[in-house]
Amino acid sequence: MRTFVAIDFYIQLVMLMIGILLASFQGYAALLFYYVTGGTQLISFLIRLFLPVRKSVFYIIYGILIIPVWISILLTYTDYNISQFFYQVLFASLFYSPVMAVMYIYDYYSVYKSYP
């Protein structure tokens with residue numbers, strides 16, 4: 001399990017750096033940060049959800065705050081008439097997602113260091 005945690009931690013770190021590099025570009029390319037970093041963290045979150053890996057309080061809070069964002073994104077690409085609430089969730093996530101991305105990696109680092 002330690003090997004999986006180590007590999008996933010370094011993948012998260014590299015994807016965060018790639019996301020920051022993409023965010024340095026002008027225009028809509030800066031939004032790629034959210035897809036690159038958030039997408040890999042969502043996959044990591046879902047894998048960790050079903051594995052016997054230690055889960056911290058921040059991991060649970062991260063899930064509660066980030067899953068509605070991805071549901072909102074998926075609903076914007078469908079033919080459903082979604083309410084303003086989902087747009088407000090997406091707008092709010094523009095501000096708290098980068099902070100949560102860094103905190104997720106730090107939390108994963110503490111989980112990685114806790115394994116013998």
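Judged by distance alone, the side chain of Tyr112 and the main-chain N or O of Ile7 form no donor-acceptor pair under 3.5 Å.
When each of Phe58, Tyr59, Tyr104 is checked for a ring pair (Phe, Tyr, Trp, His ring centres under 6.0 Å) with Phe45, only Tyr59 meets the rule.
Taking the ring pair (Phe, Tyr, Trp, His ring centres under 6.0 Å) definition, one finds that Phe95 meets it with Phe91, sequence neighbours left out. For Ser56, the side chain to side chain donor-acceptor pair (under 3.5 Å) test picks out Asp107, with sequence neighbours left out. For Phe33, the ring pair (Phe, Tyr, Trp, His ring centres under 6.0 Å) test picks out no residue, with sequence neighbours left out.
In this structure, Trp70 and Gly38 approach most closely via the heavy-atom pair CZ2-C, 3.4 Å.
Each of Tyr106 and Val102 belongs to its own hydrophobic cluster when Ile, Leu, Val, Met, Phe, Trp and Tyr are linked at side-chain heavy-atom distances under 4.5 angstrom.
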Anything under 3.5 Å between a donor and an acceptor, one on a side chain of residues 8-23, the other on a protein residue two or more places apart or in another chain? List them.
residue, atom, partner, partner atom, Å
Asp8, OD1, Gln12, NE2, 3.3
Asp8, OD2, Ser44, OG, 2.5
Asp8, OD2, Tyr108, OH, 2.8
Gln12, NE2, Thr40, O, 3.3

For residues 62-69, tabulate all N or O donor-acceptor pairs below 3.5 Å that involve a side-chain atom, not counting sequence neighbours.
residue, atom, partner, partner atom, Å
Tyr62, OH, Gln41, OE1, 2.9

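Counting non-hydrogen atoms of neighbouring residues, nucleotides and ligands closer than 6.0 angstrom, the CZ atom of Phe4 exceeds 12 such neighbours.
Interatomic distance, Thr37 OG1 to Leu42 CG, rounded to the nearest 0.5 Å: 12.5 Å.
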